[in-house]
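Have a look at the structure below before the remarks.
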Amino acid sequence: MTRWWRPELGLAIVVLVLGVLVVVGTLDVSAAASQLGIGPRFFPMLVGGAMVLIGLFYVADVLRGGHGDPEESEDVDADAPTDWRGVGLVSGIFLAFAALLNVLGWIIGASLLFFALSLALGAEHKSRAAVVAVVMGVTTYLLFVKGLGVTLPGGPLEGVI
């Protein structure tokens, strides 16, 4: 008899539970629908429902014997030690972003986040990384604020864009 509990089942259950939590949490959202008739619950319900569906299929697959394929990539050394310096840098960058977001605003904060992450992950061209970071910060701000109507902190640039 094979073991019924495997790490894949744990991940499948996590996906399923997160999907249920997203759907249940979205039921409390109450706001007027947009001009397109799609309210603020549409996308969270879509994502949560997809997570529930994927989680159910994943649980069924694992219980029927499905398993993840072993890593066969050429550039991965399974015996290499963990790069704790990199993990610490990325974690610190995300924590700093979360702490400074309301002060700096989205555009400045996200631009610094993207730039710092690119440097921490080994970007060779710092000026190109800076330009791409600013473009990504402004683009995501415009997409969320102007395109979706989501409120993001403006910081010192409040009212400029």
Side-chain angles (χ1 to χ4, degrees), residues 7-59 61-62 68 71 73 75-76 82-161:
E8 291 96 345
L9 185 59
L11 179 61
I13 291 171
V14 166
V15 170
L16 180 62
V17 168
L18 285 175
V20 169
L21 290 174
V22 168
V23 169
V24 169
T26 304
L27 294 175
D28 292 337
V29 174
S30 62
S34 71
Q35 295 173 347
L36 299 175
I38 297 176
R41 287 200 263 181
F42 178 75
F43 287 108
M45 289 296 271
L46 184 69
V47 170
M51 288 177 69
V52 168
L53 192 63
I54 289 169
L56 287 172
F57 282 125
Y58 194 14
V59 167
D61 178 56
V62 171
E71 181 62 49
S73 178
D75 60 345
V76 174
T82 302
D83 178 18
W84 290 110
R85 179 184 171 275
V87 171
L89 275 172
V90 170
S91 300
I93 291 166
F94 275 111
L95 289 173
F97 171 72
L100 296 173
L101 179 60
N102 286 329
V103 175
L104 297 176
W106 179 266
I107 294 175
I108 296 172
S111 297
L112 289 173
L113 168 75
F114 298 141
F115 179 66
L117 285 175
S118 67
L119 292 182
L121 297 173
E124 295 179 10
H125 304 284
K126 290 178 178 65
S127 57
R128 184 184 330 161
V131 169
V132 169
V134 170
V135 168
M136 287 178 60
V138 171
T139 302
T140 55
Y141 181 82
L142 291 174
L143 284 173
F144 278 92
V145 172
K146 304 295 183 184
L148 296 175
V150 175
T151 304
L152 293 176
L157 299 177
E158 185 78 41
V160 175
I161 293 183

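The figures that follow rest on heavy atoms only: side chains count, while hydrogens, waters and symmetry mates do not.
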Query raised in the report: Can you check whether Asp83 reaches Val87 side chain to side chain, under 4.5 Å on heavy atoms?
Result: no
Query - Interatomic distance, Leu16 atom CG to Met51 atom CE [nearest 0.5 angstrom] - result: 9.0 Å
Report summary line: Minimal heavy-atom distance between Ser111 and Val134, with the atoms involved, is OG-CA, 3.4 Å
Query raised in the report: Between CG of Leu95 and CG of Leu100, what distance do you get to the nearest 0.5 Å?
Result: 10.5 Å
**Report entry** Steps toward side chain to side chain contact (heavy atoms under 4.5 Å, CB included) verdict (Val90, Leu121)
**Finding:** CA-CA 8 Å; Val90 170; Leu121 297 173; 4.1 Å; yes
Query - Gap separating the CZ atom of Arg128 from the OG atom of Ser118, nearest 0.5 angstrom - result: 11.0 Å
Query raised in the report: Any side-chain heavy-atom pair from Tyr58 and Leu11 closer than 4.5 angstrom?
Result: yes
Query raised in the report: Can you tell me how far CG of Leu113 sits from CG of Leu104, rounded to the nearest 0.5 angstrom?
Result: 11.0 Å
Requested in this report: Any chance you could measure Tyr141, atom OH, to Leu152, atom CG, to the nearest 0.5 Å?
Outcome: 6.5 Å
Query raised in the report: How far apart are the closest heavy atoms of Val22 and Gly48, and which atoms are they?
Result: CG1-CA, 3.7 Å
Report task. Check whether any side-chain heavy atom of Val20 lies under 4.5 Å from a side-chain heavy atom of Val52, and answer yes or no. Result -> yes
**Report entry** Minimum heavy-atom distance between Ala133 and Phe115, given as atom pair plus value
**Finding:** CB-N, 3.5 Å
**Report entry** Ala120 versus Ile93, closest heavy-atom pair with distance
**Finding:** CB-CD1, 3.8 Å
Query raised in the report: If we only count heavy atoms from C-beta on, is the Thr140 to Trp106 side-chain gap below 4.5 Å?
Result: yes
Requested in this report: Measure the CG-CD1 distance between Leu18 and Ile54 for me, rounded to the nearest 0.5 Å.
Outcome: 12.0 Å
Query - Nearest heavy-atom neighbours spanning Pro156 and Ile108 - result: CG-CD1, 4.0 Å
Report task. Flag the pair Leu27 / Met45 as yes when at least one side-chain heavy-atom distance between them is below 4.5 Å, and no otherwise. Result -> yes
